[in-house]
Amino acid sequence: MDENHETIKLQAAQKIIGGKFGLPVDFSGSGEIPGFLKGDPQLLFNARSGIKLIVDSLRPRKIWLPTYLCPTILGAVGPHNPAIRYFPVDDHLKIKAYQFLKDLEAGDLLIFIDYFGFPTDHELISGLHNKGVILLQDCCQNLFFDPENSQADFCLYSPRKFVGIPDGGMLHVRPGTNFELPSLIPPPVEILYDLFRAIILRRDFDLRGGDRKWHDLFHSAESRHFAGHHAMSELTSMLLHKAFDYDKIMETRRDNFRLLARELQHIAIYNELPDDVVPLGFPIRIKERDRVQQFLFSRNIYPPVHWRITDYVPKRYRDSHQVSSEILTLPCDQRYSEADMVLMVEAVIDGLNA
Ligand SMILES: Cc1ncc(COP(=O)(O)O)c(C=O)c1O
């Protein structure tokens with residue numbers, strides 16, 4: 001290993017990889033405004049509120065959900081809501097069989113998720129409109145999908161999964177859709193205040209190290225998030241419009257993803273990166289997931305699990321439960337360089353062999 005590599009390794013070793021975002025270090029907003037900020041979206045405190053507002057307002061007879069999903073969606077719909085029906089997702093996170101389509105009726109709500117930034121098969125969606133099915137495209141993991149290109153009635157975003165802002169969810173409603181938004185109330189101050197402190201403390205930590213109080217604050221604030229009628233904070237709206245260089249963010253995420261895909265092909269969920277995809281992270285599947293995750297924690301790498309569905313989704317959807325027990329999302333976002341990715345690859349390989 002040459003000296004240069006050693007130096008890079010040392011610098012990178014002092015930071016952690018993963019975890020929630022801090023406020024940006026340089027406020028270098030520039031470039032073109034991305035699609036999710038254009039138009040006139042509803043600005044909400046979080047994305048789950050968008051789901052609740054649609055369900056409350058349109059009262060669909062059935063709510064169709066994919067078997068692989070973020071449990072917060074169930075929280076928004078009501079986990080025991082008798083209207084819930086599932087459609088199966090396979091172990092490549094693709095909709096598995098289209099038989100369920102014949103059971104869809106006018107006025108049903110169908111929520112589909114663009115996993116990790118990879119868009120859902122358009123074949124599924126085309127045709128459902130004519131049937132009168134209400135379509136919600138969940139772009140919470142696909143921030144850079146332009147809602148103008150959607151065939152859905154609603155596109156939902158959760159930008160704090162991609163950049164350092166305290167709160168926020170955005171709901172784009174397709175013009176002409178029959179939907180009246182109730183008036184919103186200001187964001188919940190106690191939660192917002194903790195989230196605000198957390199993103200500042202995480203920024204300080206990234207710059208200077210120190211304790212990890214930000215972690216507890218994030219955790220406590222996130223556990224108090226609920227789906228309701230609260231609006232996005234003005235601070236978040238301002239940051240989203242001013243603080244970020246989205247072109248750079250997209251480019252870095254794609255570069256880092258490509259490096260990981262080259263090195264970790266054998267455990268990757270997605271090997272190819274289509275031109276229009278900006279990834280949330282780099283999901284892998286491994287047998288001893290929990291052990292390897294702990295190993296990575298010990299190297300200061302914090303890959304999350306998207307998602308733990310054991311307590312939520314019926315057991316008969318085996319493919320989804322299998323994915324949930326093996327999946328891990330390696331961070332590849334704009335905070336990290338090629339050197340960080342190289343270190344993470346080494347750590348993953350060490351973890352698999354440990
Ligand atoms: C696919 C998906 N939909 C919805 C949500 C809810 O987003 P929020 O936390 O902004 O309410 C999440 C959150 O993780 C998600 O991953």
Side-chain angles (χ1 to χ4, degrees), residues 18-21 36 41-55 63-79 84 86-87 89 93 95 109-120 135-145 147 150 152 154-172 184 187-188 191-192 194-195 198-199 218-233 236-237 239-240 269 278-281 283 303-309 312-313 320 323-324 327-329 331 333:
K20 302 277 194 213
F21 287 86
F36 75 92
Q42 301 301 331
L43 304 182
L44 306 164
F45 187 64
N46 51 30
R48 65 199 83 175
S49 297
I51 298 176
K52 182 172 165 50
L53 295 180
I54 292 169
V55 169
I63 303 167
W64 293 86
L65 300 175
T67 54
Y68 203 70
L69 83 177
C70 176
T72 58
I73 295 175
L74 284 168
V77 166
I84 293 176
Y86 284 100
F87 58 92
V89 173
L93 301 183
I95 293 166
L109 169 66
L110 182 124
I111 301 181
F112 59 96
I113 300 175
D114 289 353
Y115 301 106
F116 299 100
F118 289 76
T120 304
L135 294 170
L136 166 56
Q137 180 168 358
D138 184 330
C139 300
C140 289
Q141 295 196 331
N142 192 9
L143 184 65
F144 294 99
F145 178 82
S150 179
F154 301 96
C155 281
L156 184 68
Y157 296 86
S158 183
R160 71 185 191 288
K161 313 284 190 291
F162 284 76
V163 291
I165 47 175
D167 62 300
M170 299 172 86
L171 183 66
H172 282 260
L184 297 175
I191 306 177
L192 182 61
D194 280 355
L195 288 165
I199 58 171
F218 272 127
H219 199 70
S220 141
E222 285 285 342
S223 71
R224 285 178 283 148
H225 262 270
F226 51 88
H229 289 196
H230 293 283
M232 178 188 284
S233 68
T236 288
S237 174
L239 289 171
L240 283 173
I269 292 192
V278 180
L280 174 82
V305 172
H306 294 105
W307 299 280
R308 295 183 192 271
I309 62 167
Y312 303 97
V313 174
S320 291
V323 175
S324 174
I327 201 167
L328 200 56
T329 309
D333 59 74

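FYI, the numbering just counts along the sequence from 1. Just follow the structure's listing: the first ligand is 1, and inside any ligand the first atom is 1. Worth knowing before you read on, the calculation uses all heavy atoms, side chains too, and leaves out hydrogens, waters and symmetry mates. Every value quoted in this text rests on a predicted model; they were computed, and no experiment measured them.
Looking only at side-chain heavy atoms (C-beta outward), R160 and N46 come within less than 4.5 Å of each other. Using a 4.5 Å heavy-atom threshold, the side chains of Y157 and P147 count as touching.
Only the side chain of C140 comes within 4.0 Å of ligand 1, counting heavy atoms alone; its backbone N, CA, C and O stay farther away. Under 4.0 Å from ligand 1, the heavy atoms of I73 that appear belong solely to its side chain.
Between Y115 and ligand 1 there is no heavy-atom distance shorter than 4.0 Å.
Ring-plane geometry between Y68 and W307 is classed as tilted, the angle between the planes lying from 30 to 60 degrees on a 0 to 90 degree scale.
With S49 contributing its side chain and G228 its backbone, the two residues share a donor-acceptor pair below 3.5 Å. Formation of a donor-acceptor pair under 3.5 Å by the D333 side chain with backbone atoms of G281 is not found in this model. Between the side chain of T120 and the backbone N or O of I113 there is at least one donor-acceptor pair closer than 3.5 Å. No donor-acceptor pair under 3.5 Å is formed between the side chain of D167 and the backbone N or O of L195.
Not less than 6.0 angstrom separates the ring centroid of H306 from the ring centroid of Y115.
Counting protein heavy atoms only, atom 16 (O) of ligand 1 is closest to W307 CZ2, 3.4 Å. With respect to atom 12 (C) of ligand 1, the closest heavy atom belonging to the protein is C70 SG, 3.6 Å. The protein heavy atom nearest to atom 5 (C) of ligand 1 is T72 OG1, 3.5 Å. From the protein, the heavy atom lying nearest to atom 11 (O) of ligand 1 is R48 NE, 2.7 Å.
Ligand 1 has a nitrogen or oxygen under 3.5 angstrom from a nitrogen or oxygen of R160. Below 3.5 Å of separation, one finds no N or O of I113 facing any N or O of ligand 1.
Annotation for ligand 1: atoms under 4.0 Å from non-hydrogen atoms of K161 are 7 (O), 8 (P), 9 (O), 10 (O), 13 (C), 14 (O). Near D138, meaning under 4.0 Å from one of its heavy atoms, ligand 1 places the atoms 1 (C), 2 (C), 3 (N), 4 (C).
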